[in-house]
Amino acid sequence: MSAVAEDVMAIIAAKSKRDRPVQSSDWLDELGIESLEAVEMIFELEDRFGIEIPVNANNAEEVFKTVSDVVRLVEELVAAKDAS
Amino acid sequence: LKRVAVTGWGVVSPIGLDAPTYWAGLVAGRCGIGPISIAPNERLRQKIAAEIKDFDPIVHFAPDRLKFLDRVSQLAVVAAQEAIAGSGLVLDDGLRPHTACIIGSGAGGQITQDEVFRQFYEEKASRVPPLTIPKMMLSGPASHVSMHFGLEGPAYAVASACASATHAIGQAFHMLRSGAVRCAVAGGAEAGITLGSLKGWEAMRIMAPDTCRPFSKDRLGMVLGEGAAVVVLETFDDAVRRGAEILGEIVGFGMSADARDLISPDEVGMARAMTAALGDGRLAAQDVQYVNAHGTGTAANDVAETSALKRVFGEHARWLAISSTKSMVGHPLGAAGALEFVATLMALRAGVAPPTIGYREPDPLCDLDVVPNEARSLAMNAAISNSFGFGGLNAVLAVKRV
């Protein structure tokens with residue numbers, strides 16, 4: 001797992017309401033992460049990596065379904081930032 | 001209990017600076033949403049709003065008066081002027097002490113606050129203008145309307161976020177119905193399209209980047225608006241006695257609180273407010289033809305509101321014409337309920353349901369008739385206007401055609 005992925009997983013784990021380790025196949029709603037917490041999580045990810053995540057609460061459920069969706073998007077945005 | 005008539009209305013909106021232009025815009029499906037004009041705005045991601053671009057305060061206020069008025073109060077006074085003039089009411093010494101003035105607002109003088117605080121924090125201004133506080137206060141619009149027209153009865157602001165104006169008009173309705181006052185000037189005003197507040201809205205991630213598409217499957221959220229609307233209320237008997245033109249009758253008012261979540265709406269709370277309004281107005285579900293929806297265009301509101309309408313109206317929900325005029329004027333928060341209440345009365349009176357514009361794709365979770373994109377002629381006798389504020393504060397007005 002990349003360093004970025006580990007950090008993302010840690011940020012998601014802090015929001016999880018389940019009493020077990022977070023796995024990349026987990027669905028965010030299964031972890032008990034509701035809309036406001038998802039928005040807060042996005043803020044933390046943006047701050048941590050210096051990126052802007054183009055997600056709106058109105059379509060977040062389509063873009064952000066599982067933990068691996070979040071990891072992939074953040075990895076892409078970090079790679080794009082490093083390339084620019 | 002006394003019957004309550006509406007005898008005047010006034011509107012300042014992104015699609016019209018007076019009531020007739022507003023109505024023409026609603027019927028035509030005119031969209032008041034566009035690129036924000038405030039500058040500099042490069043630190044904003046949210047680039048659109050429904051602004052009132054052609055409002056010139058100098059036309060309405062002398063410079064020595066204008067310095068006392070934040071934009072929110074300017075809009076309120078101009079809307080009240082039109083409403084009072086249109087009512088034909090003579091506010092004489094006998095009536096003024098018995099006239100209430102209740103103006104809702106979500107946040108009061110936000111432009112003053114944003115600009116003054118910017119000067120203080122960013123420019124390190126050593127002092128701020130002496131009228132900062134009275135221009136900022138939430139009750140500023142109520143005070144200015146009261147002073148401008150000499151309304152000496154009960155006067156105050158009502159705040160319930162996006163439901164403020166509906167609660168304000170409902171309060172005025174209660175006062176008239178109970179005989180506490182003889183006349184009321186009530187409505188809402190909001191003028192909060194500032195860098196600071198847009199940034200705050202942006203952080204909630206519920207703002208649409210393109211436009212407001214209530215109930216459409218591809219909707220991406222709400223769009224901030226600004227505006228004011230004010231109505232004149234009097235008892236039905238007084239209005240008839242003086243030969244006033246009666247624009248509609250308020251028959252019911254329902255309120256509820258979700259008492260659950262600060263942000264997410266709750267269909268049960270919404271339904272309770274609608275049921276209360278219908279019961280108060282002695283209306284059966286089948287008596288209602290039109291609903292002016294809260295319809296913010298967010299994923300959550302539109303689904304919850306659709307479910308709530310089904311709860312309240314049952315099978316009849318499918319026969320209702322339901323539109324969100326926020327698709328045209330954006331969401332003017334504490335003024336929204338007043339703009340929508342006026343739209344509801346105008347719709348009843350004209351027999352035309354305004355459209356929900358920007359609609360592109362049916363959503364199985366919002367499967368009622370939302371009058372997509374084109375206004376529709378419709379025989380109407382009764383309607384409701386829904387407002388559901390953040391923090392779960394709900395208010396619904398029920399009206400009848402006269």
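By convention in this document, chain letters (A, B, ...) are assigned in the order of the sequence lines, proteins followed by strands, and residues within each chain are numbered from 1.
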Looking only at heavy atoms and a cut-off of under 4.5 Å, which of B:Ala208, B:Pro209, B:Ala299 has the most pairs with chain A?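 Greatest number of close heavy-atom pairs with chain A: B:Ala299.
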
Notebook entry, point to check: Contact part of B:Ile263 toward chain A, heavy-atom cut-off under 4.5 Å: side chain, backbone, both or neither?
Noted result: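 Side chain only.
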
Hey, can you dump all donor-acceptor pairs under 3.5 Å between chain A and chain B, distances included?
from: A:Glu46; atom 1: OE1; to: B:Arg205; atom 2: NH2; distance (Å): 2.8
from: A:Glu46; atom 1: OE2; to: B:Arg205; atom 2: NH2; distance (Å): 2.7
from: A:Glu52; atom 1: OE1; to: B:Arg45; atom 2: NE; distance (Å): 3.3
from: A:Ile53; atom 1: O; to: B:Arg205; atom 2: NH1; distance (Å): 2.6
from: A:Val55; atom 1: O; to: B:Arg205; atom 2: NH1; distance (Å): 3.1
from: A:Asn56; atom 1: ND2; to: B:Met207; atom 2: O; distance (Å): 2.9
from: A:Asn56; atom 1: ND2; to: B:Leu220; atom 2: O; distance (Å): 2.9
from: A:Ala57; atom 1: N; to: B:Arg205; atom 2: O; distance (Å): 2.5
from: A:Asn58; atom 1: OD1; to: B:Ala299; atom 2: N; distance (Å): 2.6
from: A:Asn58; atom 1: ND2; to: B:Ile206; atom 2: O; distance (Å): 3.4
from: A:Asn58; atom 1: ND2; to: B:Leu220; atom 2: O; distance (Å): 2.9

